[in-house]
Amino acid sequence: MHNSVEERTCKLCSSEAETHDHLFFQCRYSAQVWQTITGRACNHWPSLPWISLLEWTSTRFHRSKNMEDMIGPLLLASSVYHLWQERNSRIFQNNVKSVHTLSEEVHQQMRDLLSNADTRHGITEAIGNIWNISTIATGRRS
Ligand SMILES: [Zn+2]
């Protein structure tokens with residue numbers, strides 16, 4: 001079978017060696033997906049190296065119960081998941097999705113997560129607007 005010592009070429013861009021760093025953070029396919037998603041989500045990432053960004057999101061996630069703070073980490077997790085799925089489906093099924101399609105899937109999964117009954121009461125109007133989710137009326141607004 002394949003030689004495990006030899007580096008594989010990244011399936012997403014077909015030009016660079018596939019490492020995890022490359023696949024998720026440096027690959028131009030992944031970068032385009034990121035740009036599309038964060039652009040749509042109005043998510044302002046701090047300009048940090050990617051590894052620091054991972055740490056940043058996980059500390060925020062653990063420290064906060066605020067839904068707004070969880071969106072970044074959820075977005076990161078969802079994107080990494082979908083990029084990995086895409087990489088596998090290219091290898092095993094020869095199935096290629098465009099940046100647009102993959103970004104749509106991440107966006108949809110985020111909407112599903114955010115509109116889940118357990119999290120929905122934490123959704124502010126601003127978040128609801130960004131993700132196109134109707135917020136639950138609390139009945140407390142005068
Ligand atoms: Zn690549």
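For the numbers below, each heavy atom of this structure counts, side chains included, while hydrogens, waters and symmetry mates do not. For the single chain, residues carry numbers from 1 onward in sequence order. Ligands are counted one by one from 1 in listed order, and the atoms in each one are counted from 1 as well.
- Under the 3.5 Å distance criterion, the side-chain polar atoms of Arg90 are matched with a main-chain donor or acceptor of Leu12.
- Under the 4.5 angstrom side-chain criterion for Ile, Leu, Val, Met, Phe, Trp and Tyr, Tyr81 has no cluster partners at all.
- Proximity of a side-chain donor or acceptor of Ser89 to a complementary backbone N or O of Asn95 within less than 3.5 Å is detected.
- Between Leu102 and His82, the shortest heavy-atom distance links the atoms CD1-O, 3.8 Å.
- Shown here are the salt bridge (Lys or Arg N to Asp or Glu O under 4.0 Å) partners of Lys97, two or more places apart in sequence or in another chain: Glu105.
- Only protein N, O or S atoms were considered, and those under 2.8 Å from the Zn ion (ligand 1) are Cys10 SG, Cys13 SG, His22 NE2, Cys27 SG.
- Grouped by direct or indirect side-chain proximity (heavy atoms under 4.5 Å, Ile/Leu/Val/Met/Phe/Trp/Tyr only), Ile91 sits with Phe92.
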